[in-house]
Amino acid sequence: MIGRDAELDELAGRFAEHRLVTLAGPSGIGKTRLAVELGWRLATAFPDGAWLIDLAPLTDPAVVTSAAATVLGVALRGAEAPVETIAAAIGKQQRPADRR
């Protein structure tokens, strides 16, 4: 990836502090490419994995939790609070600082 080192470094720093990072901006500026590249660079630092949830094709906000759960492999069947169910699943995963 040419010419995006500053952005990749900034995003890597944000991942060191937060479990969820969102890239937003106009279409065609390379958000997805940046996210994929960062995922490859950080893959070994996250023992439980890293995922890209592409929300761009979604037109109904009501399906965001379902899309996230599908990508993360979280079962929502019967979940009364889908956001909390997803958060609980993510919260159980190791962060790089948690590794021993």
Side-chain angles (χ1 to χ4, degrees):
M1 178 156 241
I2 299 170
R4 301 296 293 265
D5 289 332
E7 290 90 346
L8 285 166
D9 290 343
E10 181 181 347
L11 284 171
R14 290 181 191 254
F15 268 103
E17 298 175 19
H18 306 284
R19 290 181 185 232
L20 174 67
V21 176
T22 301
L23 299 179
S27 79
I29 64 169
K31 299 177 298 294
T32 300
R33 179 69 185 102
L34 192 64
V36 169
E37 180 64 27
L38 185 65
W40 281 113
R41 290 185 183 195
L42 297 180
T44 59
F46 290 89
D48 289 324
W51 296 266
L52 169 66
I53 303 171
D54 187 3
L55 302 178
L58 303 182
T59 58
D60 181 359
V63 300
V64 169
T65 53
S66 176
T70 298
V71 171
L72 297 170
V74 176
L76 293 181
R77 189 180 336 257
E80 291 184 25
V83 172
E84 287 80 5
T85 301
I86 293 168
I90 292 171
K92 294 175 184 174
Q93 296 182 352
Q94 291 183 5
R95 294 176 60 153
D98 296 340
R99 293 187 347 177
R100 298 185 199 331

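Nearest approach of A68 to I86, heavy atoms of both residues: CB-CD1, 4.2 Å. Residue A75 comes nearest to T85 through the heavy atom pair O-CG2, 3.9 Å, listed as atom of the first residue, atom of the second, then distance. Nearest heavy atom pair, residue P47 against residue A45, reads CD-O, 3.3 Å.
Residues passing the side-chain hydrogen bond (donor to acceptor under 3.5 Å, both in side chains) test with E10 are R14, sequence neighbours excluded. With sequence neighbours excluded, no residue forms a side-chain hydrogen bond (donor to acceptor under 3.5 Å, both in side chains) with R4.
A distance of 12.0 Å separates NZ of K31 from OG1 of T22, quoted to the nearest 0.5 Å. Atom CD of E37 and atom CG of L8 lie 6.0 Å apart (nearest 0.5 Å). The CG atom of D9 lies 9.5 Å from the CG atom of L38; values are rounded to the nearest 0.5 Å.
Under the 4.5 Å side-chain heavy-atom criterion for Ile, Leu, Val, Met, Phe, Trp and Tyr, L72 and V64 are members of the same hydrophobic cluster. Under the 4.5 Å side-chain heavy-atom criterion for Ile, Leu, Val, Met, Phe, Trp and Tyr, V74 and V83 are members of distinct hydrophobic clusters.
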| field | CA sep, side-chain torsions, deciding dist, call: T32, L23, side chain to side chain contact (heavy atoms under 4.5 Å, CB included) | value | CA-CA 8 Å; T32 300; L23 299 179; over 6 Å; no
Return a table of donor-acceptor pairs under 3.5 angstrom between the side chains of residues 50-63 and protein atoms on other chains or two or more places apart.
residue: D54; atom: OD1; partner: A56; partner atom: N; Å: 3.1
residue: D60; atom: OD1; partner: A62; partner atom: N; Å: 3.0

